[in-house]
Colleague: 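Questions regarding the structure given below will be posed in turn.
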Amino acid sequence: MTTHSSHSNSIDPHTSQRFYIDGQWVSPVIPASLPVVNPADETVVAQVARGSAADVDRAVAAARAAFAGWSATPAAVRAQVIGNIHALILERKEQLAQALSLEMGAAISFARAMQVPLAAEHVRVARDLLSSYPFQTVEGGTAIEREAIGVCGLITPWNWPLYQITAKVAPAIAAGCTVVLKPSELSPLSALLFAQLVHDAGLPPGVFNLVNGSGAEVGAAMAAHSDIDMISITGSNRAGALVAQAAAPTVKRVTQELGGKSPNILLPDADFAKAVPLGVMSAFRNVGQSCSAPTRMIVPKHRLAEVEALAAATVEAIVVGDPQSEDTVLGPIANEAQFNRVQAMIAAGLDEGAKLVCGGPGRVAGFDKGFYTRPTVFSEVQSGMRIAQEEIFGPVLCIIAYDSVDEAVAIANDTVYGLGAHVQGRDLELARAVASRIRAGQVHLNHPAWNPMAPFGGYKRSGNGREYGVQGFEEYLETKAIIGFGE
Ligand code: NAD
């Protein structure tokens, strides 16, 4: 790998080599750094400071010191500062989109249209909730008060870097909590811009703190920290389980947004000409690197050939390439480790005897550098195959055939995960009935628009707790009953 310092979006070394703690950019206690690699060309585009447990201690102390003041700040004042953060995200949207494209290979059009605006939506929702949320209710002489839980440790992944950050930070600080954020060490650049933005928005020192570094060092120190009250992690099941174990001795609240293997049932009366292309594009959105991507398309057996042809035609039209090109739909996979995992899963699908409809192993033709992965569709997939059971987290779709709707539901539920699910069908009553039988935290009927108020989270091994909207906000609250309150 070579160092590429001439990139027009170079990150300010003043901030990248520092952490944001107690309202200031500070150097790590033990000097160390981590390279950030642009997945489009495999060059190192920045070095970020690599934290240790000592940096976590400093950040937690700052958050603890700020908690009493921030949690007692009137909700309307908190809403005002959060409104400033929202306005600054919109003002700096191009800078944020460029950082996302650089750190994880997001196609620039996708970063502009999805990654940044959806991230801003979580902030707007948190701001708006503050004008109506009932922090105190009184019934039968007892008051129920909802109060900020305390200092929160927030650990985020690389696939939707800014979006995952705002989905945690915005409701946490809206609730009156103070936070320590550890973004993914693989895609930490948009987080640095976010920290500066939060500062410029006028958030008081110590309310938001950022420490970069690895999960094993910084993340583990946060999970075990005796002065952190709650940890919210989005990431792999492996990391989620390790966080829960490390957090157990101090009896923290732990919320986990983990993996998924979401089904997409095409009922016999679905509009296949529409449903198949939409299903393929949903599965491959963000290069398939979404926890709730509907990567198992479950279709009537007698329509299998038609579905395969529609899927192949859809893939044919997808432009994979340089994320900086306006025409690009899918950029590269976000990092080398993930590229290798996806390649191994494509090989596993071939080994297991699934039928390759399009795509396959290796890089996209014309690229000898960059983690460009061929959008791949397998058909005749059996539910027990590894490619149908394990999260691939890349542009790989499994088509599984069913004979009856009951069998389709059984296949949909034949997974340790339960994050997202989709159902397509013209008969809305039937689609609703199928939705009620699926064990997952979100079910989408006929590809509706994204709703930032809809709670998001997992059944089964996809996690514990919810994000977004009122339910996501309430994760950051404690409940106090005052009995004998009166009235
Ligand atoms: P990852 O588990 O490798 O890392 C996620 C975060 O956890 C990173 O910040 C990492 O440094 C940290 N971490 C790793 N080990 C840790 C430890 N022992 N203690 C504390 N922190 C630790 O995941 P990833 O590869 O960055 O992200 C992809 C995964 O995230 C996929 O499984 C995906 O499904 C999941 N994800 C879930 C959701 C959701 O909302 N359910 C959303 C996005 C991604």
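Ligands are counted one by one from 1 in listed order, and the atoms in each one are counted from 1 as well. For the single chain, residues carry numbers from 1 onward in sequence order.
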Colleague: Quick one: nearest non-hydrogen protein atom to atom 4 (O) of ligand 1, plus distance?
Modeller: G235 CA, 4.5 Å
Colleague: Quick check on E467 - does any of its heavy atoms sit under 4.0 Å from an atom of ligand 1?
Modeller: no
Colleague: For the residue pair Q17 and W25, confirm or rule out a side-chain donor-acceptor distance under 3.5 Å.
Modeller: no
Colleague: Is the number of heavy atoms from other residues, nucleotides or ligands under 6.0 Å of Q24 CD greater than 12?
Modeller: no
Colleague: Tell me: protein heavy atom nearest atom 10 (C) of ligand 1, and distance?
Modeller: E185 OE1, 3.7 Å
Colleague: Taking distance alone, with N or O pairs closer than 3.5 Å, would you say N159 contacts ligand 1?
Modeller: no
Colleague: Just how far is it from atom CD of E121 to atom CH2 of W450, taken to the nearest 0.5 Å?
Modeller: 5.5 Å
Colleague: Given R112 and E94, is the salt bridge (charged side-chain N to carboxylate O under 4.0 Å, His left out) satisfied, shown in steps?
Modeller: CA-CA 7 Å; R112 286 178 183 141; E94 182 60 19; 2.8 Å; yes
Colleague: I'd like to know whether the aromatic ring centres of Y372 and F339 sit less than 6.0 Å apart in this structure.
Modeller: no
Colleague: At a 4.0 Å cut-off, with the gap strictly under it, does some heavy atom of F456 reach an atom of ligand 1?
Modeller: yes
Colleague: Taking NZ in K460 as the centre, count heavy atoms belonging to other residues, nucleotides or ligands within less than 6.0 Å. Is the count above 12?
Modeller: yes
Colleague: Based purely on interatomic distance, does S462 place a nitrogen or oxygen under 3.5 Å from a nitrogen or oxygen of ligand 1?
Modeller: no
Colleague: Please verify whether a non-hydrogen atom of A220 lies at under 4.0 Å from ligand 1.
Modeller: yes
Colleague: Kindly compute the distance separating CD1 (I233) from CG (L258), expressed to the nearest 0.5 Å.
Modeller: 7.0 Å
Colleague: What heavy-atom pair brings T295 and L397 nearest, and what distance separates the two atoms?
Modeller: O-CD1, 3.6 Å
Colleague: Checking ring-ring contact (aromatic ring centres under 6.0 Å, His included) for the pair F456/W160: CA distance, chi angles, key distance, verdict?
Modeller: CA-CA 15 Å; F456 180 82; W160 284 81; over 10 Å; no
Colleague: State whether the shortest distance between N or O atoms of T234 and N or O atoms of ligand 1 falls below 3.5 angstrom.
Modeller: no
Colleague: What residue and heavy atom of the protein are closest to atom 42 (C) of ligand 1, and at what distance?
Modeller: C291 SG, 2.8 Å
Colleague: Using the ring centroid of each side chain, check whether F208 and W70 are separated by less than 6.0 Å.
Modeller: no
Colleague: How far is atom 27 (O) of ligand 1 from its nearest protein heavy atom, and which residue and atom is that?
Modeller: P157 CB, 3.4 Å
Colleague: Work out whether the distance between some heavy atom of S184 and some atom of ligand 1 is less than 4.0 Å.
Modeller: yes
Colleague: Does ligand 1 come near enough to L258 that some N or O of the ligand is less than 3.5 Å from an N or O of the residue?
Modeller: yes
Colleague: Could you tell me whether F393 approaches ligand 1 through its side chain, its backbone, both or neither, with non-hydrogen atoms closer than 4.0 Å?
Modeller: side chain
Colleague: May I ask you to check whether G215 has an N/O atom sitting below 3.5 Å from an N/O atom of ligand 1?
Modeller: yes
Colleague: Got the closest protein heavy atom to atom 26 (O) of ligand 1, with its distance?
Modeller: W158 CD1, 2.9 Å
Colleague: For ligand 1, find out whether one of its N or O atoms is nearer than 3.5 Å to an N or O atom of S236.
Modeller: yes
Colleague: Below 30° counts as parallel, above 60° as perpendicular, anything between as tilted: where do the rings of Y133 and F473 land?
Modeller: perpendicular
Colleague: Evaluate T156 for polar contact with ligand 1, using N/O atom pairs at a separation under 3.5 Å.
Modeller: yes
Colleague: Answer side chain, backbone, both or neither: which part of Q289 comes under 4.0 Å from ligand 1, heavy atoms only.
Modeller: neither
